[in-house]
Amino acid sequence: MMGPFIALTLNGFREARRNRVTLIVALFALSLLLSSSLVVEVTVGVFDRVLTDMGLGSMSLMLVLLTIFLSSGLISREIERRTIFLMVSKPLSRGAFLVGRLFGNMLTVTVLLLAMAALFFLLMLFYAVPITPAHVAAVGMLWFELWVLSGVGFLMSSFSQHQTVSAFVTVSIYVAGNLSSDIYSLARKSKSDALQALGEAVYYVLPNLSRFNYRPQASYAASISSSQLLSDMAYGAAYTAVLVSLAVLLFNRRDFR
């Protein structure tokens, strides 16, 4: 059982790697990281923070866009190429097929994340900027955020017919997830019980992606408690597991005739 699953994962990684969008995004992200060195040359007094903000910010933006593109178009690309009918007819279960594709996509994203992080840390060493635990935590928590976004994209792709719709919903959830804490705070200040209930629903149902944003701590070299880090990691893993479980459930019920 593990043999076909690993083969499916590696095949998904090879397909994503061959995708031109992956190459373009990777090159663009690397160019953004390199351009940050030009900006810090004309910045006085906030050298460390500008390098950190630009490096981690560009890394996050490009990987988020790539993750949404890859995950939201999974099933639609398989249906378009008619390969989905071959896959679902094999002994490998639909759930294993979906999870294998998820792992293949995340393997691609992880390789790119490690490459960008290595370049970012090399830039920091070149400019004698100290690498703090907060920098490492920011990169690591970005990886958990990408898992959650992949789960959202795969969930949308498991029942949606069009990649555009899946991508739009995933982007909307990404934006709302980063604002969920603010939405909750504003709703709590409202005098309307309905608005308060709506704010609480948004906060507890949508992923709280702000929990994975450790860039401010990295910019100011702030200390991070291990309990907070472990709590946010557990939250990301649990939320991803729920999303993938729902995606498998819906995918198993889908008719491809």
Side-chain angles (χ1 to χ4, degrees), residues 46 48-64 67-68 71 99 102-103 105-107 109-121 123-125 129-155 170 173-189 196-247:
V46 289
D48 296 3
R49 279 180 296 185
V50 171
L51 179 60
T52 297
D53 288 340
M54 290 201 64
L56 293 176
S58 59
M59 192 188 309
S60 174
L61 176 63
M62 292 300 103
L63 288 175
V64 163
T67 300
I68 292 174
S71 61
V99 174
L102 170 66
F103 277 43
N105 281 1
M106 279 306 302
L107 181 58
V109 174
T110 301
V111 169
L112 287 174
L113 173 62
L114 292 175
M116 293 178 192
L119 178 58
F120 172 59
F121 290 141
L123 277 174
M124 294 184 67
L125 291 174
V129 176
I131 300 174
T132 66
H135 288 95
V136 179
V139 174
M141 294 311 296
L142 173 59
W143 187 69
F144 280 90
E145 181 181 12
L146 297 176
W147 269 105
V148 173
L149 284 176
S150 289
V152 174
F154 272 68
L155 176 60
T170 306
I173 291 177
Y174 171 72
V175 174
N178 278 288
L179 298 175
S180 60
S181 297
D182 296 329
I183 294 173
Y184 179 77
S185 299
L186 290 174
R188 295 293 296 176
K189 297 177 182 178
Q196 290 186 15
L198 179 61
E200 290 182 3
V202 169
Y203 180 76
Y204 289 111
V205 173
L206 293 181
N208 186 2
L209 298 179
S210 61
R211 297 185 63 163
F212 307 115
N213 183 13
Y214 279 64
R215 292 188 295 277
Q217 291 91 325
S219 296
Y220 292 93
S223 60
I224 301 173
S225 66
S226 57
S227 59
Q228 177 190 358
L229 197 62
L230 291 174
S231 174
D232 292 338
M233 291 168 63
Y235 173 82
Y239 205 101
T240 302
V242 171
L243 290 172
V244 174
S245 299
L246 289 174

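This one's a predicted model, so the numbers in the text were calculated from it and none came from an experiment.
- Considering all non-hydrogen atoms of both residues, Leu146 and Met106 come closest at O-SD, 3.9 Å.
- Here the closest non-hydrogen pair linking Thr170 and Gly153 is OG1-CA, 3.6 Å.
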**Request:** Please assess Asp53 against Ser219 for the test side chain to side chain donor-acceptor pair (under 3.5 Å), listing each intermediate value before the final yes or no.
**Result:** CA-CA 6 Å; Asp53 288 340; Ser219 296; 2.3 Å; yes
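- Taking 4.5 Å as the limit, every side-chain heavy atom of Glu145 sits out of range of all side-chain heavy atoms of Tyr214.
- Residues Phe212 and Asp232 share a closest heavy-atom pair of CE2-O, 3.4 Å.
- The distance from atom CG of Leu102 to atom CG of Leu107, rounded to the nearest 0.5 Å, is 11.0 Å.
- One finds the CG atom of Leu229 at 11.0 Å from the CZ atom of Arg211 (value rounded to the nearest 0.5 Å).
- Under the 4.5 Å side-chain criterion, counting only non-hydrogen atoms from C-beta, Thr52 is not in contact with Arg215.
- Under the 4.5 Å side-chain criterion, counting only non-hydrogen atoms from C-beta, Thr67 is not in contact with Asn105.
- The backbone N or O of Leu56 sits nowhere less than 3.5 Å from a side-chain atom of Ser60 that would complete a donor-acceptor pair.
- Scanning all heavy atoms of the two residues, the minimum distance from Ser71 to Leu149 falls at OG-O, 4.0 Å.
- With sequence neighbours left out, the ring pair (Phe, Tyr, Trp, His ring centres under 6.0 Å) criterion links Tyr239 to Tyr235.
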**Request:** Output, in order, the C-alpha distance, side-chain angles, deciding distance and verdict of side-chain contact (heavy atoms from CB on, under 4.5 Å) for Gln217 and Gln228.
**Result:** CA-CA 13 Å; Gln217 291 91 325; Gln228 177 190 358; 4.2 Å; yes
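- Remark: Thr110 engages Trp143 in a side-chain hydrogen bond (donor to acceptor under 3.5 Å, both in side chains) (not counting sequence neighbours).
- Nearest heavy atom pair, residue Ser181 against residue Tyr203, reads OG-CE1, 3.9 Å.
- Asn178 contributes a side-chain N or O that, together with a main-chain N or O of Tyr174, makes up a donor-acceptor pair within less than 3.5 Å.
- For the atom pair Leu155 CG and Ser150 OG, the distance stands at 12.0 Å (nearest 0.5 Å).
- The minimum heavy-atom distance between Leu243 and Val148, with the atom names listed, is CD1-O, 3.5 Å.
- A distance of 10.5 Å separates CG in Leu125 from CZ in Phe120, rounded to the nearest 0.5 Å.
- In this structure, the side chain of Ser180 engages the main chain of Gly177 through a donor-acceptor pair within 3.5 Å.
- Atom CG of Leu206 is separated from atom CG of Leu179 by 10.5 Å, given to the nearest 0.5 angstrom.
- A distance of 10.5 Å separates CG of Leu209 from CE of Met141, quoted to the nearest 0.5 Å.
- Here the side chain of Ser245 pairs a donor or acceptor atom with the backbone of Ala241 at under 3.5 angstrom.
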